> 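Input: one structure, supplied below.
These figures come from a predicted structure and were not determined experimentally.
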Amino acid sequence: MTAAKDLDTGLTHETTPGLTPTPVPTPAPEPDRADGAAAPEQPVDMKQAVLDGMGGPSGMVYTTLPVVAFALAVPFMSLMVAIGAAIAIAAVLAVFRMWRGEKLMSALGGVFGVAAAGGVSAMTGSANDFFLIGIWASFAGGIITLLSLLVRRPLTGVIWNAVHGGAHPWREDRPTLLVHDLATLAVTAVFAGRFIVRQWLYVADSTAGLAIADTVTGFPLTALAAVAVVWAFRRSTKRLVKTDTATAQD
């Protein structure tokens, strides 16, 4: 059997002596992109990413229970026992989260946070210092986000651009810059509110008040800030990423 190509039809024929040639189609080459451009960028679902980072309603329970246990134990037990109770509950919750299939470091993050807070409190001998890391973390977060506004690089915009490849002119697009100014301002307000309330209760030496404030100004305020951040991310994606994708397809 031999093969021959018909110059007129472009088909390859398999021939056997004494038999009629059978045409075999030649595969057509895949068309190249006319402009040689890469595939258009796909928008990132930032709403889901933010919700995942917050841990959802269960995340509030995971962060609240150790604090509540500490605040309830302090009036009736020694400081070290109260710290141990908070760490023990955080550890039990971590095991439960791993049993549910969460990643190891994500589940252990709460244990590390409670252990660090308990370590500070144990070193100083003050129950109020259990909340000290959270107080000053809020202060630092407020300063960082405020500075990002003052230098005209709102932090939420920087993060959005980094997630989407870092190649979008988001600061040159005034509506996009405005929404990130507002979102970053909302985050700054949350940090500032946490710091002011908790620092006031810390100075007032109210351990129970600090525990309540930690709960009230924790997940609920974070959820409000997340709404602003998701709104800014969606507006940015609609104006920049989806527009670029539509242009690339045209």
> Give the ring-plane orientation class for W170 versus H180, where under 30° counts as parallel, over 60° as perpendicular and anything between as tilted.
perpendicular

> Is V179 close to F233 at the side-chain level, that is, under 4.5 Å between some pair of heavy atoms?
no

> Is a side-chain donor or acceptor of S121 paired with a backbone partner of S126 at a separation under 3.5 angstrom?
yes

> Tell me yes or no: between the side chains of T156 and T184, is some donor less than 3.5 Å from an acceptor?
yes

> Contact between F131 and V67 at the side-chain level, heavy atoms closer than 4.5 Å - yes or no?
yes

> Report, as yes or no, whether the 6.0 Å neighbourhood of atom CE on M98 holds more than 12 heavy atoms from other residues, nucleotides or ligands.
yes

> Any side-chain heavy atom of L147 sitting closer than 4.5 Å to one from V151?
no

> Check the pair T217 / F191 against side-chain contact (heavy atoms from CB on, under 4.5 Å), numbers first and verdict last.
CA-CA 9 Å; T217 65; F191 280 131; over 6 Å; no

> Walk me through whether V187 and L155 qualify under side-chain contact (heavy atoms from CB on, under 4.5 Å).
CA-CA 9 Å; V187 175; L155 187 59; over 6 Å; no

> Side chains of L182 and W231, heavy atoms from C-beta outward: is any pair under 4.5 Å?
yes

> Are the side chain of R194 and the backbone of G218 linked by a donor-acceptor contact shorter than 3.5 Å?
yes

> Side chain to side chain donor-acceptor pair (under 3.5 Å) with D181: which residues, sequence neighbours excluded?
R152

> Quick one: ring pair (Phe, Tyr, Trp, His ring centres under 6.0 Å) pairs with a partner in residues 87-111, sequence neighbours left out?
F96-W99

> N161 side chain to H168 main-chain N or O, any donor-acceptor pair under 3.5 Å?
yes

> Drop me the distance from T176's OG1 to L240's CG, to the nearest 0.5 angstrom.
4.0 Å

> Before giving the answer on side-chain contact (heavy atoms from CB on, under 4.5 Å), spell out for W136 and R198 the whole-Å C-alpha distance, their side-chain angles and the decisive distance to 0.1 Å.
CA-CA 10 Å; W136 290 104; R198 295 179 186 183; over 6 Å; no

> For D205, enumerate each residue passing the side chain to side chain donor-acceptor pair (under 3.5 Å) test, keeping only those at least two apart in sequence or located in another chain.
N128

> Kindly compute the distance separating CD1 (I135) from CD1 (I196), expressed to the nearest 0.5 Å.
12.5 Å

> Indicate whether the side chain of T237 and that of W160 have a donor and an acceptor atom separated by less than 3.5 Å.
yes

> Does the side chain of D214 come within less than 4.5 Å of L210's, by heavy atoms?
no

